[in-house]
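Note sheet for the following structure.
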2 protein chains.
Amino acid sequence: MLNQSTPLDLMFQALADPSRRSMVERLSRGPASVSELAKPLAMSLPAVVQHLQVLEASGLVRSAKVGRVRTCQIDWAALQTAEDWMLDRRKTWERRLDRLGDFLAEQEKG
Amino acid sequence: MLNQSTPLDLMFQALADPSRRSMVERLSRGPASVSELAKPLAMSLPAVVQHLQVLEASGLVRSAKVGRVRTCQIDWAALQTAEDWMLDRRKTWERRLDRLGDFLAEQEKG
DNA sequence: AATATACTTAAGTACATGCTTAACCAATCG
DNA sequence: CGATTGGTTAAGCATGTACTTAAGTATATT
């Protein structure tokens with residue numbers, strides 16, 4: 001893949017990893033520092049920071065450093081984008097079922 | 001990653017690729033054969049089949065072969081699983097905001 | 001000032017992913 | 001039957017991903 005990733009690519013890719021989802025899960029309960037995010041994960045700090053970078057690149061998480069502590073938080077609007085894609089698919093699907101229903105009803109009548 | 005992927009991993013991973021999302025998008029408008037799925041994609045048939053395998057492994061798509069044609073369709077329940085994960089995060093977040101609101105209201109009163 | 005804390009940077013490695021081409025097989029059409 | 005259509009299998013290759021360890025840099029704490 002020639003690194004022409006769309007926001008949606010980056011978003012779903014970011015959510016495809018259980019460690020990163022655990023970080024998002026933690027952040028949905030409120031902001032946290034990098035080491036707080038790292039605590040439940042069985043890996044080195046640099047690894048966690050790399051996951052964090054993936055999350056930030058996807059837009060799902062933002063962070064800022066104050067003193068020596070980097071505090072992270074969810075960007076809900078970004079998560080919404082991914083959710084919306086799925087909602088759109090479902091709507092298309094439901095419209096299709098409606099049309100199918102109409103068609104069958106017509107058959108019944110005719 | 002040591003191939004201990006959960007359903008959610010596979011689902012998000014499957015949706016992280018634009019070709020695969022295009023296939024899901026097509027299937028949300030109704031069933032399709034492998035070559036119908038391939039038509040809009042600028043890649044070889046085997047590549048498309050590999051994407052299809054990823055989608056099937058994730059549970060998002062099911063397929064069956066009749067004669068020499070393999071017909072594919074979305075498994076909506078699976079897509080729902082991914083959507084639910086995101087809804088759960090949002091609910092947690094909203095509960096948190098509610099508690100914060102209550103707290104601030106208390107401060108106001110006291 | 002010395003030490004500990006909270007990251008950060010860099011480099012390396014093993015494995016996964018997204019393709020490709022070539023060859024193959026089994027239905028169906030003429 | 002022989003050619004075509006629709007898909008399948010296998011092998012290979014370039015790039016990406018998920019870690020690791022080692023060393024470094026600020027910012028507190030004592």
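So you know, we letter chains A, B, ... as the sequences are listed, proteins then strands, and number each from 1.
Under the salt bridge (Lys or Arg N to Asp or Glu O under 4.0 Å) criterion, B/R21 pairs with A/D9, sequence neighbours left out. Evaluation of the side-chain contact (heavy atoms from CB on, under 4.5 Å) rule for B/R96 yields A/P31, B/W93, B/R99 as partners, not counting sequence neighbours. Taking B/R26 as the reference, nothing meets the side chain to side chain donor-acceptor pair (under 3.5 Å) condition, with sequence neighbours excluded. Under the salt bridge (Lys or Arg N to Asp or Glu O under 4.0 Å) criterion, B/E25 pairs with A/R89, sequence neighbours left out. Applying the salt bridge (Lys or Arg N to Asp or Glu O under 4.0 Å) criterion to B/E108, with sequence neighbours excluded, gives no partner residue. Listed by chain and number, the residues in a side-chain contact (heavy atoms from CB on, under 4.5 Å) with A/S35 are A/S33 (sequence neighbours excluded).
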Could I get a table of every N or O pair under 3.5 Å where one atom is in the protein and the other is in nucleotides 26-30 of chain C?
residue : atom : partner : partner atom : Å
C/dA27  : N3   : B/R68   : NH1          : 3.2

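Contacts of residues 19-30 of chain A with DNA chain C (heavy atom under 4.0 Å): none. Taking every heavy atom of residues 36-62 of chain A and every atom of DNA chain C, pairs under 4.0 Å involve A/L45, A/P46, by number.
Of all heavy-atom pairs spanning B/R68 and B/K65, the tightest one is O-CE, 3.7 Å. Between B/S28 and A/T92 the shortest heavy-atom distance is O-CG2, 3.6 Å.
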For a quick test of your reading: what N or O donor-acceptor pairs under 3.5 Å do the side chains of residues 72-87 of chain A make, sequence neighbours left out?
residue : atom : partner : partner atom : Å
A/D75   : OD1  : A/A77   : N            : 3.1
A/Q80   : OE1  : B/R90   : NH1          : 3.3
A/T81   : OG1  : A/A77   : O            : 3.3
A/T81   : OG1  : A/A78   : O            : 3.4
A/E83   : OE2  : B/R90   : NH2          : 3.3

Going by atom type alone, with no hydrogens or angles, which donor-acceptor pairs under 3.5 Å involve a side-chain atom of residues 38-54 of chain A and a protein atom two or more places apart or on another chain?
residue : atom : partner : partner atom : Å
A/S44   : OG   : A/A47   : N            : 3.4
A/H51   : ND1  : A/R20   : NH1          : 3.1

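For A/R70, taking side-chain heavy atoms from C-beta onward, the closest of the listed nucleotides C/dT8, D/dG7, D/dT8 is C/dT8.
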Next on the checklist: Applying side-chain contact (heavy atoms from CB on, under 4.5 Å) to B/M23 and B/L55, what does each step give before you reach the verdict?
Outcome noted: CA-CA 9 Å; B/M23 293 167 77; B/L55 287 169; 4.0 Å; yes
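Side chains of A/S63 and A/E56: a donor on one and an acceptor on the other come within 3.5 Å.
Note on A/S35: every side-chain N or O is 4.0 Å or more away from OP1 and OP2 of C/dT5. A sub-4.0 Å separation between OP1 or OP2 of D/dG6 and a side-chain N or O of B/K65 is absent.
You'll find the side chain of B/L60 stays beyond 4.5 Å of the side chain of B/L27, heavy atoms only.
Note on the helix from C/dA1-D/dT30 to C/dG30-D/dC1: angle between the axes of the first and last five pairs equals 20°, rounded to 10 degrees.
Counting to the nearest Å, the C1' atom of D/dT17 and the CG atom of B/D9 are 14 Å from each other.
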